[in-house]
Amino acid sequence: MLTNTSPAIEAHGLSKRFGDVVALDGLDLEVQPGRVLGLLGPNGAGKTTAVSILTTLLEPDSGSATIAGADLATQPGLVRERIGLSGQYAAVDEVLTGRENLQMIGRLYHLGKKAAKARAQELLERFELTDAADRPAKGYSGGMRRRLDLAGSLVAASPVLFLDEPTTGLDPRSRLELWDIIRELVADGTTLLLTTQYLEEADQLANDIVVIDKGRAIARGTSDELKAQMGGERLELIISDEADLDRAKSLLAAHTPSGRVDDVEVRPSTRTLLSPVAHGIETLAAVIDQLGSNRIAVSDIGLRRPTLDDVFLTLTGEPAAQSPKPTDPAATALTETINA
Amino acid sequence: MTSLAHTVNDIAVVAHRNVIKITRVPEVLVFVLLSPIMFVLLFAYVFGNSINIEGVSYREFLIAGIFAQTVAFGATFTGAGIAEDMQKGIIDRFRSLPMSRSAVLVGRTLSDVIYNVLSLIIMSLTGLLVGWRIRGSILEALGGFLLLITFAYALSWVMAYVALHVPSPEVINNASFMVIFPLTFIANTFVPSDDLPGPLRTFAEWNPVSSVTQASRELFGNIPAGTPEPTAWPLANPVIYTLIWSVVIVAIFLPLSVNRYSKRAKG
């Protein structure tokens, strides 16, 4: 399958409404074999709906898709034979043991009793679940459940894998473990569609990223391309004395890529200045140095990476829906700067 | 494997999984088996002393009614099991697998028959203790048990269909209580249907719970000689009437449920 160039996942104009709510509004996707596509968006953007449609759990109102050469509408059974799915909520049977869960899935992929057993053992070892293999999954930690759920999606070694928010709700250590596992899968040549709310996760794992909001793709590109579109890192400076604002502003302007004073955003109420920077940490060091020699007292200073909020503000001019973080007015100004 | 062999395999795998679950959570089984004992004893000793039916001991009359009521309530387990699997995302896992579209539901309804078989055994033993006897042939009595299980199996498909529409297992318990309680009381289960007022009597005579109860009484030999033949057709032909209902219920609710399972909409 890797030898021909037809995409492993190809979707055109997928749309889905639930009553008055438009969950998907003409989404196009394309993933080449062996690549990882990150579908990035906030809660309610349509990520899970897209995955549900592509894995035959949900019928789209309109649009078409081909998964690993099988047509979604006319050959859903064939699609199911060629995909693995790990959902947002770890769908393992709590009462069954880890081993029983995997064996059951193997037998439902029609591997045969013996092969299903062998495959379960193999996956338990690979996912470091052998110690807990014969205990009911009820007693597993969140990270172990996710690993078991992920192992379940790999039972048939399907060429195309869908992971719907695989790390949501996990502690940082479990998240890193899961990232390593996903990287291994990709190294083995699996085609992967991954949804996430976290820019960093898409950044770490995906070759290509599609940002979706309100059921539509609002940006596509590699992680670097998207970051460049957002204006990269910015320097955030909070000074101690309001009287120094103008001096600090012209000092910062000299370090912006354009060198223009207009690129520095000033928020007098919090004595905060925000400015795009050309050389990251070097610029930060230089700015700290100059602030010292100009006797401008500093309360706080640092580099600020683009967040998912920034992506949304940049791309839509609106804050990301249901984002836990407060809106940053500076980013709105950034949008204007970029659009200008 | 052919597609039929696949389907049989899938049903067996799902049923096996459900059976493992029954053995892992024995608390459920304990209550499943204790409540029929409680019902037999309650009705036998509380109602048994105040209800008099001419020519027959009330306890003998009562047992078939309790059997019918208990196995009818057994359908609740099917509904609750499916609703729980939906809530926990297991159904979506199954739906993403290349397995038969009917296997999850068929496997579930089949494995739940275990509950009814076990509760019939326990109730029969309790019944024997309080004075109930099988007075016909063993073969006929087995036929009676089989008919009860067949009817209950059909009802479990109704609950399967309902379960595919509800947000949580708790709803199933309330829904089945609302439906199955009237069905099993407006019937000849605990009092003869002849004694009921007009419309209720007609309902009771055509209620399949009455016919399955009547059939069981006949097959257990619990209707004393000289009792007049029931006039309503369903009660005069209770085995046929119960079988017709069972077939019709499955013929309607099996395809409806499988269709709903295949297309389940979700947010």
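Below 4.5 Å, heavy atoms of chain A meet heavy atoms from B/Val13, B/Arg17, B/Ile20, all part of residues 12-20 of chain B.
With respect to A/Asp93 and B/Lys21, a salt bridge is recorded, a charged nitrogen being found less than 4.0 Å from a carboxylate O.
The CG atom of A/Leu108 lies 6.0 Å from the CG atom of B/Leu97; values are rounded to the nearest 0.5 Å. B/Ser96 OG to A/Leu54 CG: the interatomic distance, rounded to the nearest 0.5 Å, is 13.0 Å. To the nearest 0.5 angstrom, A/Glu94 atom CD is 4.0 Å from B/Lys88 atom NZ. Rounding to the nearest 0.5 angstrom, the gap separating the CZ atom in B/Arg93 from the CE atom in A/Met104 is 8.0 Å.
Considering only heavy-atom pairs separated by less than 4.5 Å from chain B, the leading option among A/Asn101, A/Leu96, A/Leu78, A/Thr55 is A/Leu96. Across A/Val95, A/Val21, A/Val79, the residue that shares the most heavy-atom pairs under 4.5 angstrom with chain B is A/Val95.
Remark: the backbone N or O of A/Pro136 is not paired with any side-chain donor or acceptor of B/Arg24 at under 3.5 angstrom.
Interface residue A/Glu59: only side-chain heavy atoms are found under 4.5 Å from chain B. Neither the backbone nor the side chain of A/Gln103 comes within less than 4.5 Å of any heavy atom of chain B. Within the 4.5 angstrom heavy-atom criterion, atoms from both the backbone and the side chain of A/Ser153 approach chain B.
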- Message: Quick one, B/Asn9 with A/His110, criterion side-chain contact (heavy atoms from CB on, under 4.5 Å). Give me CA distance, side-chain angles, the key distance, then yes/no.
- Response: CA-CA 8 Å; B/Asn9 168 75; A/His110 307 122; 3.4 Å; yes

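In B/Tyr45, the OH atom is crowded: over 12 heavy atoms of neighbouring residues, nucleotides or ligands sit closer than 6.0 Å. Counting heavy atoms of neighbouring residues, nucleotides and ligands inside a 6.0 Å radius, atom CZ of A/Arg216 does not exceed 12 of them.
In terms of heavy atoms, A/Ala91 sits closest to B/Gly89 at CB-O, 3.3 Å.
Contacts classified as ring pair (Phe, Tyr, Trp, His ring centres under 6.0 Å) and involving residues 83-118 of chain B (residues at least two apart or in different chains) are given here: B/Phe77-B/Tyr115.
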